[in-house]
Amino acid sequence: MGNAVEATVTLALAGRVLTGSSAGDAEQATTIIADATVAAVSSMIDGLVTVEAATIIELRGRRIAMSVVHVDSSEPHEILVGSALVRGDVEDAVARCVLSALNRRLTR
């Protein structure tokens, strides 16, 4: 087995500080960061949000974080996709791609 890793995401939004954490095997670090991001914003979303996939791809020489999230709520469930360029550290890009996927849900 691999090493364990823990991620904590802290977001500031309209004077509020939102924090979420997740832990697991280091081989799943991208998904763990995505899960921590979802945990940070879960109180703002009506329904259960789960990360189906989170990964880093390379496209035309650029690294891109991509996520697929599932929202199960009283409305029909939704599959949402988000992406963000990796501009520095991968962790930041993964958090931004999850927020990109959830953007329409957060603005309702």
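Start at 1 with the first residue, then count along the sequence.
Taking 4.5 Å as the limit, every side-chain heavy atom of Ile33 sits out of range of all side-chain heavy atoms of Val5. Val94 places none of its side-chain heavy atoms less than 4.5 Å from the side chain of Thr37.
Across all their heavy atoms, Thr8 and Ser21 have their closest contact at OG1-OG, 3.1 Å. Between His70 and Asp72 the shortest heavy-atom distance is CE1-CB, 3.7 Å. Taking each heavy atom of Cys97 and Met66 in turn, the nearest pair found is SG-C, 3.7 Å. For the residue pair Gly82 and Ser100, the shortest heavy atom distance occurs at CA-OG, 3.7 Å. Closest of all the heavy-atom pairs between Ser43 and Leu18 is OG-CD2, 4.5 Å. The nearest pair of heavy atoms linking Val9 to Ala36 is CG2-CB, 3.7 Å.
Note that the CG atom of Asp35 and the OG atom of Ser67 stand 10.5 Å from one another [nearest 0.5 Å].
In terms of hydrophobic clustering, with Ile, Leu, Val, Met, Phe, Trp and Tyr side chains grouped at heavy-atom distances under 4.5 Å, Leu13 and Leu102 are assigned to a common cluster. With hydrophobic clusters built from ILVMFWY side chains whose heavy atoms lie under 4.5 angstrom apart, Val41 shares a cluster with Val51. In the hydrophobic cluster analysis, where Ile, Leu, Val, Met, Phe, Trp and Tyr join through side-chain heavy atoms closer than 4.5 angstrom, Val71 is grouped together with Met44.
A donor-acceptor pair under 3.5 Å links the side-chain atoms of Arg96 to the main chain of Leu85, judged by distance alone.
Applying side chain to side chain contact (heavy atoms under 4.5 Å, CB included) to Val69 and the options Leu80, Thr50, Ile79, Ile45 leaves one that passes, Leu80.
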